[in-house]
Protein chains: 2
Amino acid sequence: MTAPLHDGRPSGPGRSLPDTQQGMRRRNLSRVMHAVGSEGPLSRAAVASRIGLTRAAVSSLVDELIRWGLLEELGPERPGRVGRPGSALAVSGRGPAGIGAEIGVDHLAVCAVDLRGTLRARAVRHGVNRGRAPGPVIAELTELVHQVVAAADGEGLWPAGLAVAVPGLVARDGRTVVRAPNLDWHDTDLGALLPGGIPLSVDNEANFGALAELWLGTGTPHDFLHVSAEIGIGAAVVVDGQLLRGRRGFAGELGHVPVHPDGPACACGGRGCLEQYAGEEAVLRAAGLEPREEDRVGLLADRAEKGDEAVRQALRDAGTALGIALTGAVNLLDPETVVLGGALAALSPWLLPSLEAELTGRTTGPACPVTVSGLGSEGPLLGAAHSVVRTVLDDPAAVAERL
Amino acid sequence: MTAPLHDGRPSGPGRSLPDTQQGMRRRNLSRVMHAVGSEGPLSRAAVASRIGLTRAAVSSLVDELIRWGLLEELGPERPGRVGRPGSALAVSGRGPAGIGAEIGVDHLAVCAVDLRGTLRARAVRHGVNRGRAPGPVIAELTELVHQVVAAADGEGLWPAGLAVAVPGLVARDGRTVVRAPNLDWHDTDLGALLPGGIPLSVDNEANFGALAELWLGTGTPHDFLHVSAEIGIGAAVVVDGQLLRGRRGFAGELGHVPVHPDGPACACGGRGCLEQYAGEEAVLRAAGLEPREEDRVGLLADRAEKGDEAVRQALRDAGTALGIALTGAVNLLDPETVVLGGALAALSPWLLPSLEAELTGRTTGPACPVTVSGLGSEGPLLGAAHSVVRTVLDDPAAVAERL
DNA sequence: CTATTTCGTCATGGCCGTTTACAAATTAGT
DNA sequence: ACTAATTTGTAAACGGCCATGACGAAATAG
C-alpha cells in the first residue's frame, strides 16, 4: 500500500476529477477539519463564518466528522460575549495518527503524531548506518515502528500512514530510494521492505524538513527555499505552499550548483560545485580537522564556539560559497525567505555573516532575508509524521472508509 | 478593470472558496469548454466520457454554453461507427476574443485570437521605443489596440480582455512595470494609461513566451524552463503546468545568476553574472561588432552563418556560460526540458553545442534535454492573447455575466 | 425581569448530477 | 429489405447537498 507524496498544500479529494456533489462534500469536510485543526477549538458558527458555509451545513458536516471520531465536542464555551455560547469543537486526540520515521546516517528515529499535531510517542536508536545494507537497517527501523505503533495504540491511536525520511534522492513513486550516497544505497525499493498494510510514503529528508518548516515554523511564508546540509547539501523549494519536486523528484540539488565553474572536480561529474566548498567533508578539510565517525557538526560548532580561527575561517568560506549559490537560486525563484535548517542551523552564527554579505552584495534592492529554522534536527522526522496527518485532514472521508 | 495574471493552469472558478453547488456547476462548465476546445469537435457523449459526467449532465451544461454563444453545434457527425451519430460541438468562432499586445524595444504589436485559438486580427508598428517616455508609447499602442478591436468587431468578436507583454519586470498586481531597462521605464502603472473598460493584465514577455510554449508548443511538457534573451536574459519556470512567479513576481532572473563569481561587475550589483557573458551587449563586444540600433540578433546570426569565426567563438562562449547557469537551474528545479526561445532560438545552432556540452558534462546520468522553441519571436504576443482566451475557458460563467 | 444577541437545529426549497427509460439514427446480419 | 444491436440525445423521477427561514436555547445588557 503506497500513499501519494504530500506536496504541502491541501490537495484534498478530487483535485481535477469530475465535479460531483460527493466530491463537494468531501472538500467541505476537509475544510472543516483544517479550520478546526489550525485555529484551535472553534464553535460550529465560528467554523461556518470561516469557511463560508452556513451554520446548518457545518452542523451536518460536523455531525459526520464526530461520528467518525475525527472531531470531538469539548462542551460549552465560556466567553464574556453576549449570546448563547457555542459548543467548542476540537480535532480528536484519539483515532488516526501519523507515523514518521527517519533514517539518518548515524541514527534511526520513529514518532507518532496525533491529528492535533502533538507528539505522542517516540523511539530512537543510535548507531552508524553508513555502508550497512538496506535489509538490516530497515529491519531495525521496522522494530522501532512496531514499538511506536504499540505505544500509540495504548493511547487509542491507530496508524493512518507511515512516512519515511531518507538522506537521499527518492523517485516520484514515493517508495524507491534512487541514490543515498551517505548510506551507499542505490535503487532500493523500501516499499518491499517496510511493513505492509499501512500506507507508506518515502521522501527526501530535506523535503520533509521544509514541510515541517511550512507547517510548524513560526512566521514561515508560503514561498521559501529551505536549505539543509548533512553530508551533502540539499534544498527544498516551496512555492505557494507546495513542494516543488521536479520531473524525476530530484529538485533541490543545491549542492551541485556550480559556484566556481573551473574549481575542483566533483563526484557528480561537474567542477566547483557548492558541495566542494560548503559540504561537510570540504569544511572539515579546510578547517584542518580529521573526519571522524560521529557528530562532526557538533565538533565544528564546538571548535568555532571556542574561537578556533581555522574552523571559523572555514565556515566563513563555506558561507561565502553558499551565498553565491543562493544568489543564483534567489534570482531564479524570488522566494520570500531562505531558511537554513539541519546542520546549517547549528552553524549559522559563523556562516550567516559571509553568506548574507554575498547575497546582499550581489543583488540590487532589498535582499532576500535569510532566517534560521527553529526546529533544529527534528524537522524531517516531524515533517514526515505531519505529512500523514495532513493527508487525513485533506480528505477525512478517505479515512472514514477505512473504519 | 484589472484581470488576474494567468498562471497557465486552469485555475477555474472558486479555487479555494466555499464549495457550493454553483461553484460546482461553474467548474463543470469550464471542463466542458476545455474538453471541446482542446480535442476538436466532440459530441455530447464524447465530452461526457472524457470529463466523467453523464450524458444528461453534459447536455444541460452544453445547452447553457450554446445559449451564451460560447459553443456552437456543427451538425451531425458522419462516422463509420455503429449507432446514432452524435452532433458535433465546437467552440464558437465568434463572441469573446483575447487581445494580446507586445511592447518591444523596436516594435509594437497587437493581435486578436478567438476562443478556438486562431489568430483573427493583427497590427504591427516598427520604430525604436528605447528611451521613449511611457505616455506616447502607450498612446501609440492604444491606437493599435483600437484598430485590432475594430477589425475583430467586424468578424463578430468582442474583446474579453487585454494582455500586454513588456520587456521588463512586472509587479504581481499585473499592471505596474517595476523596471524595464531596455525601455528605461521605472515603476510605470500601465493600468492608468491603457484604455479602460476591458480587463487588463500586464506581464513579462518571457512569462507570456513560456505560456505560449506551454499551450501552443508541440510536445511541450508541463515542467520546463523557458529561456529567452533579448537585451537581458530572462527565464520563466513552469512547474506542473503553472508559472512560477515568485514573491514579488521577479522569478526567472537567469541573467543575474553568478557564473564566474569573481568576474566583471554587473549593473545589478553582482559580479560575473550570466548577462556579462551571454547578454546581447557582451556577445556583440566579444564578437568585435559595434552596437547598432536595429536587429542585432539578425546581424549575429548572419555573420555566424557566413562563417565569421570571431562571432562564432563569441556565441560558443555565450553557450558555455549559459550552460553553467543552466546547470545550476536544472539541479535546483529538475525540469523535464529546457526550451530556448526568443533570440536564443535564432542563434541556437551556434550556442547549443557548447551549452549542451557544459550541461551534460556537469551532471551524472541523463542530462536535461534542451530544445528550441518553434514559435520564434511570436511567442510573447500569442501567449498574451491566449492567456485571455484561457481565462474565458477557465470560467465561462464569468463571461456570461458580462452579456 | 425583559429585550437582545448568538448558537444550534429543523423543515423547506432549489440546484445539480444520476438513474432510468425512451425515441431517433445508424450499422451489422440475415 | 427487414430485424437486431448499438449509440446518441432528451425527459422525468430521484437523491444528495447547501441555502433559507424559523424556532428554541442560553447567555448578556439594561
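We name chains A, B, ... by the order of the sequence lines, and we start the count at 1 in each one. The model shown is predicted, which means the values in this text are computed figures rather than measured ones.
Between chain A and DNA chain D, the heavy-atom contact criterion of under 4.0 Å yields a 5' to 3' nucleotide range of dG15(D) to dT28(D). A nucleotide of DNA chain C counts as in contact with chain B when one of its atoms lies under 4.0 Å from a heavy atom; the first and last such, 5' to 3', are dG14(C) to dT27(C).
Both Pro85(B) and Ser87(A) lie close to DNA chain C; mapped to their nearest nucleotides by heavy-atom distance, the more 5′-ward contact belongs to Ser87(A). Mapping Glu77(A) and Gln21(A) onto DNA chain D via the closest heavy atom, the residue that lands nearer the 5' end is Gln21(A). Each of Gly83(A) and Arg25(A) was matched to the nucleotide of DNA chain D holding its nearest heavy atom; the match closer to the 5' end belongs to Arg25(A).
Remark: Trp215(B) pairs with His6(B) by the ring pair (Phe, Tyr, Trp, His ring centres under 6.0 Å) rule, at least two apart or across chains. Residues passing the side chain to side chain contact (heavy atoms under 4.5 Å, CB included) test with Ala384(A) are Ala163(A), Phe208(A), sequence neighbours excluded.
Under the side chain to side chain contact (heavy atoms under 4.5 Å, CB included) rule, Met33(B) has a single partner from Val47(B), Asn28(B), Leu393(B), which is Leu393(B). If you run side chain to side chain contact (heavy atoms under 4.5 Å, CB included) between Leu244(A) and each of Asp7(A), Val238(A), Val239(A), Asn207(A), only Val239(A) comes through.
The pair Asp223(B)-Arg247(A) fails the salt-bridge criterion, with no side-chain N (NZ, NE, NH1 or NH2) lying under 4.0 Å from an Asp/Glu carboxylate O. Salt bridge absent: Arg67(B) and Glu72(B) never bring a charged side-chain N and a carboxylate O closer than 4.0 Å.
For the atom pair Asp19(A) CG and Leu29(B) CG, the distance stands at 11.0 Å (nearest 0.5 Å).
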Output side-chain donor-acceptor pairs under 3.5 Å for residues 35-44 of chain B, partner residues at least two apart or in another chain, one line each.
from: Ser38(B); atom 1: OG; to: His34(B); atom 2: O; distance (Å): 2.9
from: Glu39(B); atom 1: OE1; to: Arg50(B); atom 2: NH1; distance (Å): 2.5
from: Ser43(B); atom 1: OG; to: Ala46(B); atom 2: N; distance (Å): 3.1
from: Arg44(B); atom 1: NH1; to: Glu73(B); atom 2: OE2; distance (Å): 2.7
from: Arg44(B); atom 1: NH2; to: Glu73(B); atom 2: OE1; distance (Å): 3.3
from: Arg44(B); atom 1: NH2; to: Glu73(B); atom 2: OE2; distance (Å): 3.3

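Contacts between residues 53-69 of chain A and DNA chain D, defined by a heavy-atom separation below 4.0 Å, involve Leu53(A), Thr54(A), Ala56(A), Ala57(A), listed by number.
With a 6.0 Å radius and a threshold of 12 heavy atoms from other residues, nucleotides or ligands, Arg172(A) has its CZ atom above the threshold.
Not a single donor-acceptor pair under 3.5 Å links the side chain of Asp240(A) to the backbone N or O of Gln242(A).
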